[in-house]
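In what follows, a structure is listed as structure tokens, so that the remarks can point back to it.
Side-chain atoms are counted along with the backbone in the values below, which use heavy atoms only and exclude waters and symmetry mates. All values reported here derive from a predicted model rather than from experimental measurement.
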Amino acid sequence: LYSAAQKVVGMLAIFSGFVATATLPSLSRLAHSDHQKMGILLENALKAIFIAAIPLIAGGFLLKDSIVGFLFGQNYLPAADTFAILLFSILAVHPLAIISNLLFVFDKQVKMIKYALVSSLSNLILNFLFIPKYGMEGAASATLISFFIYIILLWREGKKIYNFKIFSGLIKSAIAALIMGFFTYIFKIIDVYIIINIIFSGIFYFLILYLFKEKLLEEILEIIKVKK
């Protein structure tokens, strides 16, 4: 049951891997030639990651039972709460690849290894404390906390290289996710098929961002228009 919940969350983290892979060559080139442009690229990549992560968490939390049941069957419904807990690890996992790339191009691999060891040790200790009492949810909570320990340490190290600031620019995404969540919940109550719910919820989210004139979304749309 626990591995089933992990698989779903792992699939949701694929997008961050694509963004990290796509931006690594430019990040590496700009790191030692144009620090300011590197910073803009870094901030845009992180912002894109969070813009994708926020609705995944909101929608996934509201539809946790439906998602687990749809993917694995009704026998796996006890894993829904574990899935909901692990969903919040996306906030750590999504930016992890981008920050790791930043540290990598500035030869901070030794510190990355140290932080990974701290995170792993924390996970072991927390598993020992949580699992006997809370079972799967305890294991999920231990994983969630250890992920956040790791990303906080990496984030702090990354800000020593470039003082990136992104959270103030995510207010529109948070509001859009709240509005999307309202529609997602309504669709759930009236028993709209889960795939249809997910598709329309995603459309609502990005439509709201468009109406809010989210700058990064507008830039992406401009790039798409140019390619056409």
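Annotation: side chain of Ile151 is not in contact with side chain of Val93 (no heavy-atom distance under 4.5 Å). Met136 is not listed as a side-chain neighbour of Asp81, based on a closest heavy-atom distance of 4.5 Å or more. With a 4.5 Å cut-off on side-chain heavy atoms, Phe183 and Asn197 do not count as touching. Leu77 has its side chain out of reach of Phe72: every pair of non-hydrogen atoms, C-beta onward, lies at least 4.5 Å apart. Two residues are said to be in side-chain contact when any heavy atoms from C-beta on lie closer than 4.5 Å; Phe70 and Ile195 meet this criterion. For the pair Ser33/Leu30, a side-chain contact is recorded, criterion being any heavy-atom separation below 4.5 Å from C-beta on. Side-chain contact between Asn127 and Asn123: present, with at least one pair of heavy atoms (C-beta onward) separated by less than 4.5 Å. Counting heavy atoms from C-beta outward, Phe130 and Ile125 have side chains that stay 4.5 Å or more apart.
Residues passing the side chain to side chain donor-acceptor pair (under 3.5 Å) test with Asp191, sequence neighbours excluded: none.
Between Ile51 and Ser173, the shortest heavy-atom distance links the atoms CG1-OG, 3.3 Å. Taking all atoms of both residues into account, the shortest heavy-atom contact from Leu63 to Ile198 is CD1-CG1, 4.0 Å. A pairwise comparison of heavy atoms in Tyr150 and Ala116 identifies CE1-N, 3.4 Å as the closest pair. For Ala22 against Pro25, the heavy-atom pair with the smallest separation is O-CD, 3.7 Å. Taking every heavy atom of both residues into account, Pro95 and Leu46 meet most closely at CB-CD2, 3.7 Å. Residues Ala176 and Phe212 come closest through the heavy atom pair N-CE1, 4.3 Å.
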Between Phe204 and Ile179, does a side-chain contact (heavy atoms from CB on, under 4.5 Å) hold up when you go through it step by step?
CA-CA 8 Å; Phe204 276 129; Ile179 298 172; over 6 Å; no
Given Asp34 and Arg29, is the side-chain contact (heavy atoms from CB on, under 4.5 Å) satisfied, shown in steps?
CA-CA 8 Å; Asp34 195 324; Arg29 175 173 51 83; over 6 Å; no
side-chain contact (heavy atoms from CB on, under 4.5 Å) evaluation trace for Val118 with Ile149:
CA-CA 8 Å; Val118 170; Ile149 289 172; 4.2 Å; yes
Step by step, would you call Lys165 with Asn163 a side-chain contact (heavy atoms from CB on, under 4.5 Å)?
CA-CA 7 Å; Lys165 299 175 182 178; Asn163 189 26; 3.5 Å; yes
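Put simply, the side chain of Ser119 gets close to the backbone of Ser146: a donor and an acceptor are under 3.5 Å apart. With hydrogens and angles ignored, the 3.5 Å screen pairs a side-chain donor or acceptor of Ser89 with a backbone N or O of Leu86.
If you chain together hydrophobic residues whose side chains sit under 4.5 Å apart, Leu144 and Leu124 never meet in one group. Under a hydrophobic-cluster definition in which Ile, Leu, Val, Met, Phe, Trp and Tyr are linked whenever side-chain heavy atoms come within less than 4.5 Å, directly or via other members, Ile190 and Met180 are assigned to the same cluster. Hydrophobic clustering (side-chain heavy atoms under 4.5 Å, transitive across Ile, Leu, Val, Met, Phe, Trp, Tyr) keeps Val110 apart from Leu102.
The stretch residues 107-118 participates, sequence neighbours left out, in these side-chain hydrogen bond (donor to acceptor under 3.5 Å, both in side chains) pairs: Lys111-Glu157, Tyr115-Glu157.
Counting heavy atoms of neighbouring residues, nucleotides and ligands inside a 6.0 Å radius, atom CZ of Phe106 exceeds 12 of them. No more than 12 heavy-atom neighbours from other residues, nucleotides or ligands sit within 6.0 angstrom of NZ on Lys133. Heavy atoms of other residues, nucleotides or ligands lying less than 6.0 angstrom from NZ of Lys37 number 12 at most. More than 12 heavy atoms of other residues, nucleotides or ligands shown are found within 6.0 angstrom of CZ on Phe148.
The cationic group of Lys64 lies under 6.0 Å from the six-membered ring centre of Phe61 and within 45° of the ring axis, placing it in a cation-pi geometry.
Atom-to-atom distance recorded for Leu62:CG and Phe187:CZ is 12.5 Å, nearest 0.5 angstrom. His94 contributes atom NE2, which lies 10.5 Å from atom CD1 of Ile54 (distance to the nearest 0.5 angstrom).
Separation of the His35 and Tyr162 ring centroids falls under the 6.0 Å cut-off.
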